[in-house]
Q: 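Input: one structure, supplied below.
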Amino acid sequence: MVCRTSLNSWQNLESHVKKIKTKHINELFAENNSRFDEFSLRLPEIFLDYSKNLITQESVKYLISLAKECDVDKKIAEMFSGQPINVTENRAVLHTALRNFSGTPVYVEGEDIMPPIKATLNKIETFVNDISAGVIKGYNGKAFKDVVAIGIGGSFLGPKIMSEALKPYRQKHINVHFVANVDGSHINDVLAKLDPETTLIITSSKTLTTQETLRNTETAKEWFLSKADVSDVQHNFVCVTTNIEAAKTFGIKEKNIFPMWDWVGGRYSVWSAIGLPLAIAIGFDNYREFLTGAFDMDEHFKEAPFEENMPIIMALLGIWYRNFHGAQSHLLLPYYHYLRGLPAYIQQLDMESNGKSVTLENKETNYDTGPIIWGSEGTNGQHSFHQLIHQSKTPIPVDFILPSKPHEEITNHHDMLVANCLGQSQALMEGQSEEQVTTAMITAKYSTEEIGQLPFHKVMKGNKPSNTIIMSKLTPKNLGGLIALYEHKVFVQGIIWQINSFDQWGVELGKALGSEVLTKILDSNSPLDMDSSTNGLIDMYRKRG
Ligand code: F6P
């Protein structure tokens with residue numbers, strides 16, 4: 001397989017970018033008054049404006065050629081058909097099967113996995129409806145009022161952030177709380193307010209070996225047993241895992257164990273029973289809508305030609321800035337309070353998928369791969385880090401994300417939010433010249449002395465690219481589509497970088513060393529035989545008094 005940087009399209013992009021870098025996005029708009037129409041994509045509920053990018057049709061042509069030279073279409077087909085594309089773990093990658101409403105089978109090692117998927121979804125539906133209706137009760141016969149969902153990483157971020165995003169759809173009579181960190185203040189903060197009689201504990205862990213989740217579950221059990229008997233655990237504890245035996249050993253009865261499968265990665269698992277807390281929070285019908293939105297995006301991703309394929313276009317724009325403009329990070333700015341957690345979700349999705357540097361040919365990459373993903377809700381960032389994105393020399397491509405219709409119509413609020421969002425993307429693109437600054441200060445009656453050197457400090461070069469993604473309203477269906485859009489963007493980038501986006505070997509060493517340090521902390525007589533920094537720090541902690 002030819003190294004990516006030797007591909008014709010990669011070489012063409014390397015020479016093309018030299019020409020493009022002499023341009024300013026303002027010029028591209030001045031040269032073409034139909035730029036907005038030409039560089040935007042419309043799906044029924046989600047619109048992508050990518051016209052504020054430093055690209056021409058020629059750029060898009062070369063980027064599309066790169067996707068074709070990297071056999072993106074072949075890899076997409078392999079994923080959806082259950083090929084073991086997660087090669088280092090010899091697994092299929094089939095989070096898409098969890099939301100496959102096409103009626104067609106999906107085979108893994110010759111077995112159609114749709115029946116067990118449907119059975120689990122039916123089990124979730126029945127369970128969620130029975131919890132909601134008070135049919136399933138706690139050990140003392142009382143209906144559940146609270147759910148504590150314990151999990152971390154993909155077993156936490158998905159249900160928590162989607163529940164937050166879909167707050168307007170939440171069932172009012174059941175409160176779902178989330179615990180992830182092993183810092184005891186997190187679980188203590190949650191449990192202190194709750195009553196074991198009316199609290200359901202859901203432990204979500206694909207492996208059921210994650211230290212934080214096991215510790216938090218034990219603490220929840222101790223809290224529960226302060227009031228209940230061990231025989232009551234079977235009524236108030238549920239587990240979502242592939243590790244069925246470990247769940248049973250913990251004392252969770254079979255019908256309260258929800259299976260998941262090893263061909264679903266943690267960061268792609270909100271569509272599986274890991275989404276159970278979300279389904280309880282918003283009700284099963286809304287959870288099904290969430291799945292349906294992702295299914296619709298899957299169909300678009302599979303069928304749309306590259307030029308009209310939203311995930312592929314977004315992926316290629318990311319490659320353009322990462323590999324041809326030296327961008328180190330990618331900024332997500334959701335202009336909607338309910339989407340404030342989205343950057344954290346996409347952080348795991350993107351950085352745990354593409355934060356790799358070895359190719360599928362077992363060679364170190366000679367190019368950059370996954371960017372640093374960061375961001376926060378707009379307009380808040382305008383009063384914090386936007387100074388840097390406007391006036392620093394660091395290229396930072398931005399995704400602005402917003403709904404055109406809010407859930408709460410309160411006078412002018414949404415208009416102001418949208419205006420700020422569009423204003424920011426315009427300012428990043430246009431900037432302001434020294435001449436414009438000087439003219440504006442003269443018009444504002446500043447004296448020559450007052451103007452002085454200020455224009456140098458007020459100049460903004462602009463030419464800073466952004467995408468704007470607008471959905472009609474943040475509904476469960478549109479949220480599902482948005483998440484699937486980013487999943488497929490990440491997947492396509494991994495194909496082009498020729499890396500395995502579906503393993504995560506990089507997290508293992510830290511966990512192992514953390515466990516070693518823990519044994520030295522728990523046994524103060526154990527020898528301090530590590531590096532002097534770690535030894536010194538353990539010793540200080542041991543003497544913390
Ligand atoms: O961070 C590593 C990781 O395995 C993530 O991929 C995963 O989402 C998280 O830890 C939790 O894993 P589990 O669901 O097995 O507890």
Side-chain angles (χ1 to χ4, degrees), residues 85-95 98 120 124 148-163 178-183 186-187 201-221 237-250 252 257-279 341-356 370 372-373 483 486-487 490-491 494 499-515 518:
I85 62 170
N86 175 358
V87 291
T88 62
E89 294 179 300
N90 190 29
R91 291 174 181 170
V93 172
L94 280 167
H95 45 284
L98 299 168
T120 304
I124 291 169
V148 177
I150 298 173
I152 198 163
S155 298
F156 157 72
L157 288 166
K160 185 222 187 246
I161 289 166
M162 302 312 142
S163 303
F178 293 90
V179 174
N181 201 335
V182 76
D183 173 350
H186 194 173
I187 193 160
I201 307 288
I202 301 179
T203 291
S204 298
S205 175
K206 180 177 174 181
T207 57
L208 214 47
T209 60
T210 305
Q211 190 187 80
E212 298 94 329
T213 302
L214 296 179
R215 181 59 261 165
N216 278 323
T217 302
E218 286 297 339
T219 300
K221 188 173 178 180
F237 281 72
V238 163
C239 188
V240 180
T241 186
T242 60
N243 195 341
I244 307 298
E245 286 317 307
K248 285 180 184 169
T249 307
F250 182 83
I252 296 178
I257 299 173
F258 292 79
M260 53 190 294
W261 300 276
D262 66 11
W263 31 261
V264 176
R267 53 195 174 273
Y268 297 90
S269 63
V270 70
W271 323 100
S272 72
I274 291 289
L276 181 62
L278 171 62
L342 186 71
Y345 183 81
I346 306 294
Q347 247 176 8
Q348 186 200 13
L349 173 64
D350 198 311
M351 296 172 79
E352 198 169 76
S353 293
N354 289 341
K356 319 281 171 64
I372 295 162
I373 301 292
I483 300 302
Y486 274 93
E487 285 179 343
V490 165
F491 173 41
I499 56 180
N500 180 357
S501 298
F502 303 104
D503 60 15
Q504 52 284 322
W505 300 112
V507 304
E508 298 307 322
L509 179 62
K511 290 180 181 177
L513 291 179
S515 299
L518 179 61

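Counting starts at 1 for both ligands and their atoms, following the listed order.
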Q: Listed by chain and number, what are the side-chain hydrogen bond (donor to acceptor under 3.5 Å, both in side chains) partners of Y345, not counting sequence neighbours?
A: none
Q: If the condition is salt bridge (charged side-chain N to carboxylate O under 4.0 Å, His left out), which residues does K221 pass it with, not counting sequence neighbours?
A: none
Q: Would a distance-only check, ignoring hydrogens and angles, find a side-chain to backbone donor-acceptor pair under 3.5 Å from N216 to E212?
A: yes
Q: Which protein residues have a heavy atom closer than 4.0 Å to any atom of ligand 1, listed by chain and number?
A: I152, G153, G154, S155, S205, K206, T207, T210, G266, Q348, E352, V507, K511
Q: Could you go step by step and tell me if N500 and T88 meet the side chain to side chain donor-acceptor pair (under 3.5 Å) rule?
A: CA-CA 8 Å; N500 180 357; T88 62; 3.2 Å; yes
Q: Who pairs with Q504 by side-chain hydrogen bond (donor to acceptor under 3.5 Å, both in side chains), at least two apart in sequence or on another chain?
A: R267
Q: In terms of side-chain geometry, is the basic nitrogen of K206 or D262 positioned less than 4.0 Å from the acidic oxygen of its partner?
A: no
